[in-house]
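Letters A, B, ... mirror the listed sequences (proteins, then strands); counts begin at 1. None of these values were measured; they are calculated from a predicted model.
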Number of protein chains: 2
Amino acid sequence: MSTATEHEDPRRARSRASVLEAAIAILRESGQPGLTIEAVAARSRVAKTTIYRHFADRDELHIAALQAAAPEIRMPRTDDVVHDVVGFCVALNDKLQHTEFGSVLATAIDGAERSESLAEILAGVGAERRRALDERLRLAQQAGALAADLDVGMLNSQLVGPLFFRRFISRQATSSAFVAEHVQMVLSPRLQEATIATAAGGGERSRSTR
Amino acid sequence: MSTATEHEDPRRARSRASVLEAAIAILRESGQPGLTIEAVAARSRVAKTTIYRHFADRDELHIAALQAAAPEIRMPRTDDVVHDVVGFCVALNDKLQHTEFGSVLATAIDGAERSESLAEILAGVGAERRRALDERLRLAQQAGALAADLDVGMLNSQLVGPLFFRRFISRQATSSAFVAEHVQMVLSPRLQEATIATAAGGGERSRSTR
DNA sequence: TCGTTTCGCTACGGGAGCGTAGCGATAGGA
DNA sequence: TCCTATCGCTACGCTCCCGTAGCGAAACGA
């Protein structure tokens with residue numbers, strides 16, 4: 001959100017970065033109950049008073065940490081919907097399983113049950129990540145690859161839902177191969193003969209070995 | 001696990017029940033950080049010392065509360081797979097959204113990241129609920145309604161994953177109608193002409209569209 | 001009825017974390 | 001250069017929670 005034009009005292013920026021880094025590490029290692037101002041102060045080597053100068057309370061810090069930990073997830077852009085969505089979901093799954101993003105997200109789930117602000121961020125962080133997915137799916141609709149009357153929101157949940165479920169609830173290992181197969185299984189029955197409908201989209205170039 | 005044959009002092013049973021009830025209420029209202037022995041003692045009107053006589057520490061109490069809050073979810077048994085799975089998923093979604101089970105589950109997600117025992121229970125509680133689903137899907141396979149080479153585990157994740165995702169991550173309202181449509185959307189492409197395919201492997205039943 | 005189990009109560013020492021105040025030191029920017 | 005924003009540090013009072021000890025009372029079961 002913050003534009004690069006903002007003049008921020010480099011000292012503030014440094015403190016803030018140190019604090020957030022420490023907060024994320026703590027959330028990963030000790031979870032939500034471990035996120036205390038004192039612990040963050042000790043770990044970040046930033047004085048407790050300084051932390052209070054940046055964040056009003058624990059919730060605010062938690063939210064900032066969550067935002068800071070949210071990674072970018074690239075959406076490939078070829079003319080093959082399946083290929084693109086597979087790439088996106090594999091990347092998402094990877095972030096969930098092998099980065100601090102997964103752990104930090106877990107700490108926010110409980111908090112979101114009671115904190116309105118955390119809930120917004122939690123949904124928002126996810127929404128932002130999935131917006132690219134939404135757009136890609138709609139694009140496919142316009143290109144005729146997907147039926148126009150398809151509920152994109154529902155499809156979105158069907159695509160990413162299982163990834164979150166397996167990461168946080170059933171706690172099953174989920175390989176990239178599994179994700180790829182899953183996405184294909186979900187999308188395949190929705191595909192239409194795109195080659196005909198596109199008209200201006202130029203034939204299929206994709207494939208890319210599933 | 002506990003057979004009815006066990007002779008348990010009714011006083012112990014009563015204390016335990018009161019404590020668990022209070023713990024669940026606290027988890028719902030204040031989340032994992034609110035679950036302190038003292039809070040449970042105050043709310044349940046059971047002496048703190050007595051709670052320690054039942055549960056070694058907070059984690060043990062948390063686990064017991066999670067198990068106590070896990071509801072039964074009925075799997076209808078008709079010869080229509082889609083109908084049955086819709087019924088199951090609608091019931092599951094309802095428990096997730098309108099009972100304390102949802103809240104308590106949320107408190108366990110973060111804890112499971114670090115507590116081996118909580119993780120087991122979390123996955124176990126879910127697994128037990130989904131076992132009926134697994135069985136029903138396999139039954140459909142045997143009846144020829146679903147392809148025999150279908151990955152039941154994957155299908156399971158695809159069916160229930162979105163429900164959990166929408167409840168805990170994206171926090172979208174999810175009506176029974178939505179769930180029904182979702183299940184139909186997922187299952188329909190997998191259905192086969194049961195009457196024909198049963199024969200004993202019949203010619204091409206494959207599908208797979210890769 | 002009588003022994004056993006379970007309970008509630010009070011009290012305690014100790015630790016962790018909160019959030020604030022007041023201070024001098026120093027790194028920025030103009 | 002000089003002013004200001006920001007920092008680190010120490011200290012504080014306060015609250016919450018932990019986990020245990022010791023006691024008498026009451027409920028249970030045989």
Side-chain angles (χ1 to χ4, degrees), chain A residues 2-27 29-65 107 110-111 114-115 117-118, chain B residues 2-27 29-65 107 110-111 114-115 117-118:
Chain A
S2 57
T3 55
T5 347
E6 291 181 22
H7 295 316
E8 187 178 27
D9 194 309
R11 289 170 293 179
R12 272 194 81 83
R14 252 178 283 148
S15 298
R16 188 184 158 89
S18 298
V19 169
L20 289 180
E21 183 185 4
I24 290 172
I26 288 174
L27 283 174
E29 293 170 12
S30 318
Q32 179 200 1
L35 188 70
T36 70
I37 303 292
E38 304 226 326
V40 173
R43 176 148 196 159
S44 66
R45 302 193 140 276
V46 170
K48 192 167 59 153
T49 42
T50 299
I51 298 180
Y52 277 108
R53 287 172 187 132
H54 284 256
F55 307 96
D57 52 29
R58 189 199 332 230
D59 253 32
E60 211 172 293
L61 174 58
H62 194 172
I63 289 172
T107 67
D110 181 35
R114 267 147 278 102
S115 162
S117 40
L118 241 184
Chain B
S2 56
T3 56
T5 346
E6 292 181 20
H7 295 315
E8 187 178 27
D9 194 307
R11 290 170 294 179
R12 272 194 81 84
R14 251 177 285 151
S15 298
R16 188 185 159 88
S18 298
V19 168
L20 288 179
E21 183 184 4
I24 290 172
I26 288 175
L27 283 174
E29 293 170 11
S30 317
Q32 179 200 2
L35 188 70
T36 71
I37 303 292
E38 303 225 326
V40 173
R43 176 147 196 159
S44 65
R45 302 193 141 276
V46 170
K48 193 168 58 154
T49 41
T50 299
I51 298 180
Y52 276 109
R53 289 174 186 130
H54 284 255
F55 306 95
D57 52 29
R58 189 200 331 228
D59 252 32
E60 210 172 293
L61 174 56
H62 194 171
I63 290 172
T107 67
D110 180 37
R114 268 148 277 101
S115 161
S117 39
L118 241 185

With axes from five pairs an end, tell me the bend angle of the helix from dT1(C)-dA30(D) to dA30(C)-dT1(D), nearest 10°.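 End-to-end axis angle: 40°.
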
Anything under 3.5 Å between a protein N or O and an N or O of nucleotides 12-14 of chain C, put it in a table, one pair a line.
none

Please compare Ala47(B) and Pro33(A) by the position of their nearest nucleotide in DNA chain C and report the one closer to 5'.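 The residue closer to the strand's 5' end, by nearest nucleotide, is Ala47(B).
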
What does the list of N/O pairs under 3.5 Å between the protein and nucleotides 1-4 of chain C look like, with a distance for each?
none

Nearest heavy atom decides the nucleotide; on that basis, is Val46(A) or Leu35(B) closer to the 5' end of DNA chain D?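 Nearer the 5' end of the strand: Val46(A).
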
Reading DNA chain D from 5' onward, which residue's closest nucleotide shows up sooner: Ala39(B) or Asp9(B)? Ala39(B)

Just to be sure I understand the geometry, which residues of residues 49-57 of chain B put a non-hydrogen atom under 4.0 Å away from DNA chain C?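 Thr49(B), Thr50(B), Arg53(B), His54(B), in order of number.
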
Which residues in residues 12-27 of chain B have at least one heavy atom lying under 4.0 Å from any atom of DNA chain C? Arg12(B), Ser15(B)

With sequence neighbours left out, what residues match Ser117(B) under side-chain hydrogen bond (donor to acceptor under 3.5 Å, both in side chains)?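 side-chain hydrogen bond (donor to acceptor under 3.5 Å, both in side chains) check on Ser117(B) returns Ser115(B).
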
Per-pair distances, 0.1 Å, donor-acceptor, side chain in residues 12-26 of chain A, under 3.5 Å, sequence neighbours excluded:
residue	atom	partner	partner atom	Å
Ser15(A)	OG	Arg11(A)	O	3.1
Ser18(A)	OG	Arg14(A)	O	3.1

Among all residues two or more places apart in sequence or in another chain, which pass the side-chain contact (heavy atoms from CB on, under 4.5 Å) test with [X]?
| X | value |
| --- | --- |
| Glu29(A) | Arg43(A) |
| Ala42(B) | none |
| Glu38(B) | Thr36(B), Lys48(B) |

Residues which pass salt bridge (Lys or Arg N to Asp or Glu O under 4.0 Å) with Arg114(B), listed by chain and number, not counting sequence neighbours: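 Salt bridge (Lys or Arg N to Asp or Glu O under 4.0 Å) check on Arg114(B) returns Asp110(B).
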
